[in-house]
Asks: 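Let me give you the structure first, and then I'll get to my questions.
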2 protein chains.
Amino acid sequence: MRDSNASEGERVPRSDEADNAPTAELPAVTDRNGPARTGRAAPGVDPNRVRAIPEAAVARLAVYLRVLSAMAEHGAVTVSSEELSSASGVNSAKLRKDLSYVGSYGTRGVGYEVDVLTAEIERVLGLTRKQKVAVVGIGNLGHALANYGGFPGRGFPVEALFDVDADLVGVPVGGMPVSHIDDIPKVCAQRGIAIGVIATPPAAAQSVCDRLVQGGVQCILNFAPVVLRTPPHVEVRKVDLAIELQILSFHVARKTEQRTRRRVPAARASSNGEVV
Amino acid sequence: MRDSNASEGERVPRSDEADNAPTAELPAVTDRNGPARTGRAAPGVDPNRVRAIPEAAVARLAVYLRVLSAMAEHGAVTVSSEELSSASGVNSAKLRKDLSYVGSYGTRGVGYEVDVLTAEIERVLGLTRKQKVAVVGIGNLGHALANYGGFPGRGFPVEALFDVDADLVGVPVGGMPVSHIDDIPKVCAQRGIAIGVIATPPAAAQSVCDRLVQGGVQCILNFAPVVLRTPPHVEVRKVDLAIELQILSFHVARKTEQRTRRRVPAARASSNGEVV
DNA sequence: TAGCGCTTGTGAACGCGTGCACAAAATCCG
DNA sequence: CGGATTTTGTGCACGCGTTCACAAGCGCTA
Ligand SMILES: NC(=O)c1ccc[n+]([C@@H]2O[C@H](COP(=O)([O-])OP(=O)(O)OC[C@H]3O[C@@H](n4cnc5c(N)ncnc54)[C@H](O)[C@@H]3O)[C@@H](O)[C@H]2O)c1
Ligand SMILES: NC(=O)c1ccc[n+]([C@@H]2O[C@H](COP(=O)([O-])OP(=O)(O)OC[C@H]3O[C@@H](n4cnc5c(N)ncnc54)[C@H](O)[C@@H]3O)[C@@H](O)[C@H]2O)c1
């Protein structure tokens, strides 16, 4: 996904390490290792195993978390891998493999305790500490993001808003006044903001990104359809809706093409000889 | 990469065909979304198969398209794989491999003609025919989507809006009046809408999805944080912003954990001698 | 307590995507 | 006109993620 949106993780290294960089693409996901704190790594497990969690698995763990929380609200106490996987839309073997990255918190013959599993996934995903979010570009999309209750509700309080528009500065949006983009570095550093969301026009995105980095922001979620250049330590994820639509469009085209081909058996051959 | 988005189209097959689902995702990647080739996922060997383009490659092709269009505006006539790849944030070998799925339209020693390459990628992605889009749920997000010029501008005209709210029905948003969700099947079928975008509250998403499918929609872009169940022929991609934030949060956690461990030299060395 | 049925956890195989490295092709230039 | 130069296109190898299949483990029951 994957990604991403799967599909994804397209970070461009800044200038210096420009060309031969192995970089980007699946930026070396993890190596968390076992015990650390919080407790007993599963008994009998290789003591100092350094395990990397595939990014795709991280994305799915977040889905499991959402499903688990819905199940908990519904009163469920335990859940089997079969139930959880079908509710999450994945294969049960894959689910168990994903959970094995988290640790061994299931009971054979029974399943998983919903609250335990929830807590452990949250621990691994680093959700025990709330990450503060700043939104830059309070236009159509920025307004929606600022008003959205789903972020604070999931441990991502929106603690700063920025725009360049003088008419917007000072105006409260979603209960938070908009600041000017010149203050991005200062405000982000002061408030300890970890995640920056860019919802500005594409032309402004890179400069906004630079200021966020300057302010100590560690991750960026980018809605502007441009490739951002960042230093290696900053993680970037992009959400490009036009690309999503184009991927869907591709599938439509493929399907209708197949259907047409089936109806008209004598299709032409393309230049490279393959049947089209 | 999903992630992304994934990526990562997590479609759950409707009841009947339970396990062998092609899945697709990543997010992603993308990532974005994820794996699963675009060719027929048929278990049997399809002899004269359509060239299967990896979904990740499709996502990147869409990026190349955007970059190419920017280059064309800038007056570029030809472009080398090196230029295009660095502007797109990918490895040049990968870019050439991606383009090879499209065909051989480059000139060795020179590069690619911008307009030719653009046209060929558009052809492969099925962008030669405009795909009509409907947006359901004209709230915060739906408003932003309906007002967004980037969709029509890229060949995805928004041709219908729907909401359940009686106060909204009939009101024009972004130049298009809102219809009632009960009319989804009828209107979608009439106007030949291919892509449905779901921006309703999670609880309403599945029923909206069902109606879109009923109206003949072939693809769905889902913003509601729920797993949609659809018949096998309907392609679903999800955009879950909370999951994006959680993935970023995971990276933050990993980094700070590493940093902490490094500061506390009591850390053990792993068996293979590498510093942990 | 022993046996049985159920579910977890994971080793191992497989398949796919990525990156490397180079031959092929086309242009440039002397 | 032939060699040097540039850049494409791709065969191949490697590594990661997915999937299978099953042993290990736990609770229940007799
Ligand atoms: N609206 C959507 O549904 C949608 C969908 C996909 C992508 N996007 C992308 O998201 C971004 C925002 O879209 P939008 O529809 O909200 O645009 P918008 O024009 O409504 O809002 C942009 C906002 O950014 C502000 N801005 C302009 N320059 C700025 C700068 N240098 N620093 C800070 N703020 C600045 C503007 O004042 C405005 O408030 C765009 O890049 C767009 O391509 C939007
Ligand atoms: N706003 C964001 O930035 C954001 C971010 C991430 C995810 N989302 C998700 O996107 C979806 C929409 O978010 P929003 O902020 O726009 O919500 P919203 O409450 O502002 O808007 C929801 C709209 O859907 C309409 N609606 C309710 N039930 C409906 C039904 N059965 N059929 C059709 N329409 C119906 C409502 O009338 C309303 O207009 C939600 O699922 C939310 O979780 C939103």
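Quantities reported herein were computed from a predicted structural model and do not represent experimental measurements. Chain identifiers are assigned alphabetically (A, B, ...) following the order of the sequence lines, protein sequences preceding nucleic acid strands; residue numbering begins at 1 within each chain.
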Asks: Which value, rounded to the nearest 0.5 Å, describes the distance between B/L125 atom CG and A/R254 atom CZ?
Replies: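 Rounded to the nearest 0.5 Å, the CG-CZ separation comes to 12.5 Å.
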Asks: Regarding D/dT8, can its base be found pairing with the side chain of B/R108 as donor and acceptor, where the two atoms are less than 3.5 Å apart?
Replies: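 Counting by modelled atom types and ignoring angles, a donor-acceptor contact under 3.5 Å is found here.
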Asks: Separation of A/L117 atom CG from C/dG9 atom C1', in whole Å?
Replies: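 Whole-Å distance recorded here is 14 Å.
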Asks: Rounded off to whole Å, could you give me the OH-to-P distance for the B/Y101 and D/dG11 pair?
Replies: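 About 11 Å, once rounded to whole Å.
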Asks: Given atom CG of A/N91 and atom C1' of C/dG15, what is their separation to the nearest angstrom?
Replies: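 Spelled out: CG on A/N91 to C1' on C/dG15 is 15 Å.
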Asks: For residues A/A87 and B/V227, report the shortest heavy-atom separation together with the two atoms involved.
Replies: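 Between these two residues, the closest heavy atoms are O-CG2, 3.7 Å.
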Asks: Measure the distance from CG on A/L84 to C1' on C/dT7 and round it to the nearest whole Å.
Replies: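 Distance check: A/L84 CG to C/dT7 C1' gives 14 Å.
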Asks: Within the pair B/S81 and D/dT8, is there a side-chain N or O less than 4.0 Å away from OP1 or OP2?
Replies: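 Checking D/dT8 against B/S81, a side-chain N or O does come within under 4.0 Å of OP1 or OP2.
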Asks: Would you call A/E55 and A/R237 a salt bridge, taking side-chain N to carboxylate O under 4.0 Å as the test?
Replies: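 Salt bridge present between A/E55 and A/R237.
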Asks: Does the side chain of A/E83 come under 3.5 Å of the side chain of A/S80 through a donor N or O and an acceptor N or O?
Replies: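 A/E83 vs A/S80: donor-acceptor pair found between side chains.
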Asks: For C/dG9, does OP1 or OP2 lie under 4.0 Å from any side-chain N or O of A/Y112?
Replies: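 Yes, such a contact exists.
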Asks: Provide, to the nearest angstrom, the distance between the CD atom belonging to B/E82 and the C1' atom belonging to C/dG19.
Replies: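 B/E82 atom CD is separated from C/dG19 atom C1' by 13 Å.
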Asks: For A/D98 and B/G111, find the nucleotide of DNA chain D closest to each by heavy atoms; which residue's nucleotide sits nearer the 5' end?
Replies: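 Nearer the 5' end of the strand: B/G111.
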Asks: Nearest whole Å is fine: how far is D/dA13 P from B/K94 NZ?
Replies: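 Atom NZ in B/K94 sits about 21 Å away from atom P in D/dA13.
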Asks: Under a 3.5 Å threshold, yes or no: a donor from one side chain and an acceptor from the other, between A/T128 and A/R123?
Replies: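 Looking only at side-chain atoms, A/R123 and A/T128 do not form any donor-acceptor pair under 3.5 Å.
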Asks: Measure from CG on B/L95 to P on C/dT18 and round the result to the nearest Å.
Replies: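 It is 12 Å, rounded to the nearest whole Å.
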Asks: Rounded to whole Å, please give me the gap between CG in B/L99 and C1' in C/dT18.
Replies: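 After rounding, the gap between these two atoms is 15 Å.
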Asks: Assess whether one donor atom and one acceptor atom, taken from the side chain of B/K97 and the base of C/dG19, lie less than 3.5 Å apart.
Replies: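 Yes.
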Asks: Between C/dT18, D/dT19, D/dG9, which nucleotide gets closest to the side-chain atoms of B/R96?
Replies: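 Of the candidates, D/dG9 comes closest.
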